[in-house]
Amino acid sequence: QVQLVESGGGLVQAGGSLRLSCAASGLMFSIYVMGWFRQAPGKEREFVAAIRRSGDSSNYADSVKGRFTISRDNAKNTLSLQMNNLKPEDTAVYYCAADQRFIVSLNPEEYDYWGHGTQGTVSS
């Protein structure tokens, strides 16, 4: 049974930082492209960042470039998202997702497994 469990969300002031983690089990983590998505109230789920299997390449949404960093540890089956210089518009539920295809996709419909999400709230 595949499980993706996010942690690290919380409440932070604008300009602050949060580090999200995703612990994966029940799958061969190293062969999956991993991504972070987020969903704010009343909005559709949107792409945040994704990282290739080996961790040598990553993609970011324009809105988070230069502020967020995605990383993975294939030995520990973990995915991370370091979020710096947070803004109120970053407030959302953040989801970890796994895609068994080779290429990185920005489309949430192409991801095979999802976590339940962790709330990140940024106050102004």
Side-chain angles (χ1 to χ4, degrees):
Q1 180 181 1
V2 175
Q3 284 193 314
L4 301 176
V5 180
E6 301 96 337
S7 61
L11 173 64
V12 65
Q13 289 188 331
S17 298
L18 284 174
R19 184 176 180 84
L20 306 183
S21 296
C22 173
S25 61
L27 78 172
M28 193 173 293
F29 182 77
S30 62
I31 70 169
Y32 283 79
V33 168
M34 298 299 297
W36 286 100
F37 291 79
R38 67 186 181 187
Q39 188 165 17
K43 295 188 177 181
E44 293 186 351
R45 191 168 298 190
E46 66 173 1
F47 171 80
V48 175
I51 189 166
R52 289 183 62 177
R53 298 172 174 182
S54 62
D56 62 344
S57 179
S58 54
N59 296 72
Y60 296 91
D62 288 343
S63 59
V64 307
K65 278 181 182 176
R67 301 188 298 122
F68 291 11
T69 303
I70 189 172
S71 61
R72 67 190 296 164
D73 186 335
N74 287 343
K76 296 182 178 179
N77 289 2
T78 58
L79 176 73
S80 298
L81 184 69
Q82 178 66 43
M83 306 189 294
N84 298 329
N85 191 22
L86 284 161
K87 305 175 181 180
E89 52 264 41
D90 293 319
T91 295
V93 176
Y94 284 77
Y95 297 91
C96 165
D99 180 1
Q100 63 182 340
R101 301 177 318 131
F102 180 74
I103 60 174
V104 170
S105 174
L106 280 57
N107 183 353
E109 295 184 2
E110 294 180 348
Y111 282 74
D112 303 293
Y113 301 107
W114 290 84
H116 293 295
T118 185
Q119 176 72 47
T121 303
V122 185
S123 63
S124 57

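The model shown is predicted, which means the values in this text are computed figures rather than measured ones. Nothing fancy with the numbering, it's 1 onward along the sequence.
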As an exercise, state the distance from [atom1] of [X] to [atom2] of [Y], rounded to the nearest 0.5 Å.
| X | Y | atom1 | atom2 | result |
| --- | --- | --- | --- | --- |
| Phe68 | Leu18 | CZ | CG | 8.5 Å |
| Leu81 | Ser21 | CG | OG | 9.5 Å |
| Tyr94 | Ser7 | OH | OG | 15.0 Å |
| Thr118 | His116 | OG1 | NE2 | 12.5 Å |
| Phe29 | Met34 | CZ | CE | 4.5 Å |
| Tyr111 | Phe37 | OH | CZ | 4.5 Å |

State, with a plain yes or no, whether a side-chain heavy atom of [X] is found less than 4.5 Å away from one of [Y].
| X | Y | result |
| --- | --- | --- |
| Val104 | Arg52 | yes |
| Tyr60 | Thr69 | yes |
| Val48 | Met83 | no |
| Arg53 | Phe102 | yes |
| Val33 | Ile103 | no |
| Gln39 | Pro108 | no |

How close do [X] and [Y] get, heavy atom to heavy atom, and via which atoms?
| X | Y | answer |
| --- | --- | --- |
| Ala98 | Leu27 | CB-CD1, 4.1 Å |
| Val122 | Thr91 | N-OG1, 2.9 Å |
| Asp99 | Ser105 | OD2-CB, 4.0 Å |
| Ala40 | Ala92 | N-CB, 3.9 Å |

### Message
Could you tell me if Arg72 sits above the aromatic ring of Tyr32, with its cationic atom closer than 6.0 Å to the ring centre and no more than 45 degrees from the axis?
### Response
no
### Message
Please check: side-chain N/O of Glu6 versus main-chain N/O of Gly117, any donor-acceptor pairing under 3.5 Å?
### Response
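Yes: the side chain of Glu6 pairs with the backbone of Gly117.
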### Task
Taking Trp114 for its side chain and Leu4 for its backbone only, find out whether a donor-acceptor pair lies under 3.5 Å.
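Side chain of Trp114 to backbone of Leu4, a donor-acceptor pair under 3.5 Å: no, none is there.
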Is it the case that one hydrophobic cluster holds both [X] and [Y], taking links as side-chain heavy atoms less than 4.5 Å apart, direct or via other members?
| X | Y | value |
| --- | --- | --- |
| Val93 | Ile70 | no |
| Leu79 | Leu20 | yes |
| Ile31 | Ile51 | yes |

### Query
Could Lys65 and Asp62 be called an ion pair, given the rule that one side-chain N must be under 4.0 Å from one carboxylate O?
yes
### Pair Gln119-Thr121, side-chain donor/acceptor within less than 3.5 Å
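Per modelled atom types, Gln119 and Thr121 side chains form a pair under 3.5 Å.
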